[in-house]
Number of protein chains: 2
Amino acid sequence: MALRHAVLAALLDGEYSGYQLAKAFDIGVANFWHALPQQLYAELAKLEKEGLLSGRQVLQEGRPNKRLFTVTEAGRAELEAFAETVAKPSFIRDDLMVKVQAADRIGTAAVIAQLDERAEVSRGKVEFLTELLRTLRGDAPEDEYLRHGERIGPYLTCLRGVAFEQETRDWCLRIAAVLRARQENRAEHA
Amino acid sequence: MALRHAVLAALLDGEYSGYQLAKAFDIGVANFWHALPQQLYAELAKLEKEGLLSGRQVLQEGRPNKRLFTVTEAGRAELEAFAETVAKPSFIRDDLMVKVQAADRIGTAAVIAQLDERAEVSRGKVEFLTELLRTLRGDAPEDEYLRHGERIGPYLTCLRGVAFEQETRDWCLRIAAVLRARQENRAEHA
DNA sequence: TTAGTCATGTAAGTCGTTACATGATTAT
DNA sequence: ATAATCATGTAACGACTTACATGACTAA
């Protein structure tokens, strides 16, 4: 039972439909949780049935109707209780790192290519999230916003997201360089 | 099917029993994958049945017998094939960040306490992993080792682990400070 | 006319976590 | 005595992924 709290936390900032929430889980929410749309639709239904969310139907013309969800008092209480429980440590789980671990026992060419690709993806995310941070804090300088802003939660998780992606990028580039240097070395001594 | 490759990659460095592998998954392997002992015992049995690992019984006195596993040629081939496939991006999934996201809509005291605690845990991991790096590279300076060392895979993933933990610690301390400052602010204006 | 956005799900299968189960040896 | 280490699993449940299913509107 963990996705439920991520959904509740994401919905604190307003009304969302399942579809909009799925978008959010690709953008800002991705900084602290990941989930596919199918999971979200199922979780929203469950949370509504339990009374932690309330949904209302919105009729639309020219596009499908949708249901918008808001966190109820019970939902806020559930989050409150969750915050008191001990958090489990977070784990890295990354295909690419499994490949790097095996790197000098298997062919390295494919791994190097994927490191380059990942570095590029991370660069894009850093750029995107940096822009998102600017939007979130508006005109105010950062420390001012952090001291007096009304809603800083999403900003704080976004900060972590930027640092994580930046760090991912640095590592990928460095490891790719190391593996390339070793390839050249081997070519020379052959 | 992802744990299987993490297990194969971990076993590249020698013979392990399920018990020893579980230890490894708490230490070095934790830098790229996480799994509980139960999962590992099940996965080892499956991999052996498929011929990707071979196990041999070791009789012991004064303590329970154990089974040691080695990667077979088929296992190495499986890893090779895995390295060629496209890696999925890795996701953050962290209870603590869910709490921070909700931070200014719920009570912050518990969150601050957990941030401090996590910072301390991460500090410990950084220290431990830094020492592990030193052990792995022996006497050689790092760039020398990375160019000519025989087996650098575990070192490379460990580097990422250190960076990740260091970054986690910095973030926790910073966020805890921000939340504390806001608490004091509110106290002054009350 | 092709791809992308908006919008919501079901079904099957795999993966991961929690709880349970056992039992001898060694260090504090 | 108590806790930790060594050693291997089973069973039940909950979470997550992959594949499938539908259908109208809009922009290039």
Side-chain angles (χ1 to χ4, degrees), chain A residues 1-8 15-27 29-30 33-50 53 55-69 82 85-95 98, chain B residues 1-8 15-27 29-30 32-50 53 55-69 85-95 98:
Chain A
M1 304 222 190
L3 173 60
R4 58 192 306 103
H5 299 115
V7 169
L8 288 170
E15 274 187 329
Y16 286 81
S17 67
Y19 187 83
Q20 291 172 311
L21 191 59
K23 297 270 150 171
F25 266 76
D26 261 358
I27 300 176
V29 181
W33 209 266
H34 167 257
L36 296 166
Q38 299 95 307
Q39 243 184 305
L40 295 174
Y41 283 113
E43 199 65 42
L44 286 170
K46 216 199 290 182
L47 286 168
E48 192 188 13
K49 210 171 65 184
E50 290 176 39
L53 292 181
R56 63 183 185 92
Q57 183 90 13
V58 174
L59 302 173
Q60 295 185 121
E61 280 169 39
R63 56 184 56 179
N65 297 331
K66 61 182 175 183
R67 310 203 62 225
L68 294 180
F69 295 92
F82 171 66
T85 65
V86 179
K88 301 173 211 165
S90 69
F91 300 117
I92 298 181
R93 228 170 221 186
D94 192 338
D95 277 4
V98 173
Chain B
M1 304 225 193
L3 173 60
R4 57 192 305 103
H5 299 115
V7 169
L8 288 170
E15 275 187 328
Y16 286 80
S17 67
Y19 187 83
Q20 290 172 311
L21 191 59
K23 296 270 150 173
F25 266 75
D26 261 357
I27 301 176
V29 181
F32 59 96
W33 210 266
H34 166 256
L36 297 165
Q38 298 96 307
Q39 246 184 305
L40 295 174
Y41 283 113
E43 198 65 41
L44 286 170
K46 215 200 290 181
L47 286 168
E48 192 189 12
K49 208 171 66 183
E50 290 177 38
L53 292 179
R56 64 184 185 91
Q57 183 90 13
V58 175
L59 303 171
Q60 294 184 120
E61 280 170 40
R63 57 184 55 182
N65 297 331
K66 61 183 175 182
R67 310 203 62 225
L68 294 179
F69 295 91
T85 66
V86 180
K88 301 173 212 167
S90 69
F91 301 117
I92 298 182
R93 228 169 223 187
D94 192 339
D95 277 4
V98 174

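- Between atom CG of residue D94(A) and atom CH2 of residue W33(B) there is a gap of 8.0 Å, rounded to the nearest 0.5 Å.
- The main-chain N or O of G18(A) is never found under 3.5 Å from a side-chain atom of R67(A) such that the two would form a donor-acceptor pair.
- Checking dG16(C), dT18(D), dT8(D) against the side-chain heavy atoms of W33(B) singles out dG16(C) as nearest.
- Remark: E15(A) CD to R56(A) CZ distance equals 4.0 Å, nearest 0.5 Å.
- Considering only side-chain N and O atoms, Y19(B) lies nowhere under 4.0 angstrom from the phosphate OP1 or OP2 of dT8(D).
- Smallest separation of non-hydrogen atoms from A35(A) and L40(A): CB-CD2, 4.0 Å.
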Notebook entry, point to check: Can you give one letter per nucleotide of nucleotides 19-28 of chain D, going 5' to 3': B for a protein heavy atom under 4.0 Å from the base, S for sugar-phosphate only, - for none?
Noted result: B---B-S---
N/O to N/O distances under 3.5 Å, protein versus nucleotides 12-15 of chain D:
from    : atom 1 : to    : atom 2 : distance (Å)
dA15(D) : OP1    : M1(A) : N      : 2.2

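- Not counting sequence neighbours, Q38(A) has no partner by the side-chain hydrogen bond (donor to acceptor under 3.5 Å, both in side chains) test.
- For K23(B), taking side-chain heavy atoms from C-beta onward, the closest of the listed nucleotides dA7(C), dT18(D), dC6(D) is dC6(D).
- Residues forming a side-chain hydrogen bond (donor to acceptor under 3.5 Å, both in side chains) with R4(B) (at least two apart in sequence, or on another chain): E50(B).
- Atom CG of N65(B) is separated from atom P of dT22(C) by 20 Å (rounded to the nearest Å).
- Note that the two end axes of the helix from dT1(C)-dA28(D) to dT28(C)-dA1(D) enclose an angle of 60°, each drawn from 5 base pairs, rounded to 10 degrees.
- In terms of heavy-atom proximity, L3(A) sits nearest to E43(A) at CD2-OE1, 3.7 Å.
- Among residues two or more places apart in sequence or in another chain, the side-chain hydrogen bond (donor to acceptor under 3.5 Å, both in side chains) test is passed with Q20(A) by S17(A).
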